Structure formats: structure tokens, C-alpha cells
Amino acid sequence: MKSWDIFVAFFRSGMLGYGGGLSAIPLMKREVVETYKWMDDDEFSDILALANTLPGPINTKMSGYIGWRVGGFWGMLSALVGTVLPTVVLLIIFLTVLNAYKDKPWVNGMSKAVIPIAGVMLGVLTWDFIKKSKSTMGWTATIILLIISIVVMQVLGIHPAILIIGLLGSALLTKNKKEEKQVKAS
Amino acid sequence: MIYWQIFLANFMANLLGYGGGPATIPLLENEVVDRYGWFSVHEFSEIVALGNALPGPIATKMAGYIGYAQGGVLGAIIALFACVAPSLILIIALLGILMKFKDTNKVKNMTKLVRPAIAVLLGVMTIDFFTTSYKGVGIVQTAIIGIVSLLLLEKWKVSPVYVIGGALVYGAIFLGN
């Protein structure tokens, strides 16, 4: 019965969370902390903070880990299926139908109309990422890193993976200097 | 071979996507559009738009569809596994150790430094999408749909479901030629 509870909890928070990963987090918290009482508020926040430091989609990290904690391997699987499967199936059906009728002019028109919206959505995300950078590092560092990224990836055509690994490496190496600076400043 | 490529494309994008699901979108595009050529920019923009119109996490929806389109049900399962497993295994295995370090600058700096790079990737994709749209329906339609949807989504906080739904109706009536 536990696996079923886990499935229901994550199915509900997944299906009601519009707008990508983060919007589902409060819903997930309600299920996990309030409805089923699998853990307390602090523990949930700790897991969230930690999940944020790791790469990849936040929802599946959260649901998979909580499922694992509550119900072992099968709990993890139920949580993942609940989070992921319903919406994946919906998207596959939608896009497959759209592609099947592409030669119909009106379907072709539908597909053309959504491109600018996808552009707007990504533009908004771009701005979100820049704003978040600014609030954690200030404008100077943000702009320098933006320019470096543009030069490395767009001008020199280097694969993003190499840049990201380089940035992660320098984050790990510059740790001591920055902490010293903060100590001195305070 | 195709299954291995599906795995690799999703694995790379999600392991490097610091900053949650949206960060993986441009990295995924880099793999499936630029590197493997499975989709055109136009097709990828449809996946992004419809993916955003449906509830639930965006990265897994995109992975599942891309896997399915290239390799059927098995392809979808492999893509989802590659998308979910690496970071989930990390969090289960490392939680105890990471808890101790979560407040240190080291760990915080990782996401911080990667963020501008992701912003650039997202910005480039934004330009790609608008360029594709400009070539397809011209500047006037692109501007109208773009500005109206920006206002609806950001200013009036209309749910993406209705915005995309409205666009589909608009496209069927006015852009169908």
C-alpha cells in the first residue's frame, strides 16, 4: 500500500505543477510533509537545498530520493513513475498526432504559431538566469562570465560540456581565496 | 547504436545541466539538433512549447519524447533512465557527505559559476527560435505572437496551457497556408 501512496503523492504534485520543476516543489512538500507526514519541514528543506547543488532535473531527484527513503527501491520506482510517466505519455501523444497531420495546412499553421512562444519562454528563462547570477555575484562578475561563455561557445565553437566542466573546476579551486576574502572583509 | 546515442545525449545534457530542468534544455538541443541532427530547430521549438504547456517536469517530458521519436518505447525508457538515474544515484549515495558541505562556498559556487554559461545557451536558442519563426511566418506574425504571449505569460500570468492552446487555434485559422 505504501508504494501506492508514494505513487499518488508524486502523481498529484507532478500533474498539478505547471511551468517546469520548481513550481511542483511546494505541491510536493504539501504531500510529503503535511498529507503523508513522511518527514518534517526541516528535512524536506535540507533535501531541497542539496538537490539544488546537483545537476539534472530537480523533481526527479527529490521524488526519487524521498521514494527511496520512504519505501526503498520500489518506493523510488513508484515515485519516479508517478512524477514522470503521465506527462511523458501526454507529450508523446500530442506531438505524434501533430506530426501525423503535418501535411494539412491548418495543422502546419498550428505548429508555426507555437515557435515564437517557445522563443518567448526561453527568452524569459534567459533573463531569469541572468537575474539570478546578478543577485549572487553582482553585475561585473556576471557580465565577465557571460562574455567568456559567448566567446568560448559561439566564437570559438567549443562544446558547452568543456566550458561547464572548466567552470565547475574553477569553482572548486577558488574556494579558499574567496573564503579568506570574506573573513578579512568581515 | 541509436540507443547508445539516445542514452549519451540525455546523459550529457542532464549531468551538465546545473540549475534544474530548464538548464538542460539548451544542452539537450546542442546534442539532438546540432550534433545528431534528429530534429530541426523548428521541431525542437515545438517540443519546448508543448512540453511547457503540459504539467510536470520539463526535462523528463522532453527526454521521453525524444527517446520515443528516435527509438520507440525502448528509446523512451533509455532516455528517461539517462535523464533521471545519474543525479538520483548521486543524491542517494552522497547525501550524508553532501549534507556537511552544502553550506560551503565550494558547493554554492558550482551552480553560481555555471549559471551565466547556461544563460548564454538559452539566449542563443531564443535567437534561433525567433529566426526560424521569422523565416516561416515573417516578422509581423512573429512579433504579434511573441508580444502577445509575452504579455499573457509574464504580465497577466496566464497559464501556458491557455496561451499555447490559443496559439494553436490562431495558427490553424490564420497561418494555415
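We name chains A, B, ... by the order of the sequence lines, and we start the count at 1 in each one. Quick caveat, the model's predicted, so the values are computed rather than measured.
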Heavy-atom closest contact ([X] atom, [Y] atom, distance):
X: B/Gly64; Y: A/Ile92; value: O-CD1, 3.9 Å
X: A/Leu146; Y: B/Pro116; value: CD2-O, 3.4 Å
X: A/Ser111; Y: B/Glu46; value: OG-OE2, 2.9 Å
X: A/Met76; Y: B/Ile92; value: SD-CD1, 3.8 Å
X: A/Thr126; Y: B/Gly123; value: OG1-N, 3.4 Å
X: A/Leu91; Y: B/Met62; value: CD2-N, 4.2 Å

From [X] [atom1] over to [Y] [atom2], what is the distance, rounded to the nearest 0.5 angstrom?
X: A/Lys61; Y: B/Ile91; atom1: NZ; atom2: CD1; result: 6.5 Å
X: B/Lys112; Y: A/Leu167; atom1: NZ; atom2: CG; result: 13.0 Å
X: B/Glu154; Y: A/Met121; atom1: CD; atom2: CE; result: 9.5 Å
X: B/Leu15; Y: A/Ile165; atom1: CG; atom2: CD1; result: 8.5 Å
X: B/Leu88; Y: A/Trp68; atom1: CG; atom2: CH2; result: 9.0 Å
X: B/Ile25; Y: A/Leu125; atom1: CD1; atom2: CG; result: 6.0 Å

Under 4.5 Å from any heavy atom of chain B - which part of [X]:
X: A/Val107; value: neither
X: A/Leu80; value: side chain
X: A/Met62; value: neither
X: A/Leu163; value: side chain

Checklist entry - Residue by residue, which of residues 93-104 of chain A have a heavy atom closer than 4.5 Å to a heavy atom belonging to chain B? => result A/Phe94, A/Leu95, A/Thr96, A/Leu98, A/Asn99, A/Lys102
Taking every heavy-atom pair that is under 4.5 Å apart, which of [options] has the most such pairs with chain A?
options: B/Ala49, B/Ala172, B/Ala117; value: B/Ala172
options: B/Thr142, B/Val137, B/Leu121; value: B/Leu121
options: B/Leu153, B/Thr24, B/Ile173, B/Leu50; value: B/Leu50
options: B/Val48, B/Val84, B/Asp128; value: B/Val84

Item to check | Derivation of the side-chain contact (heavy atoms from CB on, under 4.5 Å) call for B/Ile145 and A/Val120 | outcome: CA-CA 9 Å; B/Ile145 300 171; A/Val120 166; over 6 Å; no
Taking side chain as C-beta onward, heavy atoms only, is [X] less than 4.5 Å from [Y]?
X: A/Lys134; Y: B/Arg115; result: no
X: B/Leu27; Y: A/Ile164; result: yes
X: A/Val88; Y: B/Leu80; result: yes
X: B/Thr60; Y: A/Thr83; result: no
X: B/Leu113; Y: A/Leu168; result: no
X: B/Gln141; Y: A/Pro116; result: no
X: A/Thr60; Y: B/Cys83; result: no
X: A/Val114; Y: B/Ser45; result: no

Item to check | A/Val124 and B/Thr126: CA distance, side-chain angles, deciding distance, side-chain contact (heavy atoms from CB on, under 4.5 Å) verdict | outcome: CA-CA 9 Å; A/Val124 170; B/Thr126 309; over 6 Å; no
Are [X] and [Y] connected in the hydrophobic side-chain network, where two residues link if heavy atoms are under 4.5 Å apart?
X: A/Met153; Y: B/Met12; answer: no
X: B/Ile89; Y: A/Leu54; answer: no
X: A/Trp127; Y: B/Ile127; answer: no

Checklist outcome for this item: Under a 4.5 Å heavy-atom criterion, the part of residues 162-170 of chain B in contact with chain A comprises B/Val163, B/Ile164, B/Ala167, B/Leu168
Checking heavy atoms, do the side chain of [X], its backbone, both or neither come under 4.5 Å from chain A?
X: B/Glu31; result: side chain
X: B/Val124; result: side chain
X: B/Phe130; result: side chain
X: B/Ala59; result: side chain
X: B/Ile144; result: neither

Checklist entry - Is the OH atom of B/Tyr18 crowded by more than 12 outside heavy atoms at less than 6.0 Å? => result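 Count over threshold, so yes.
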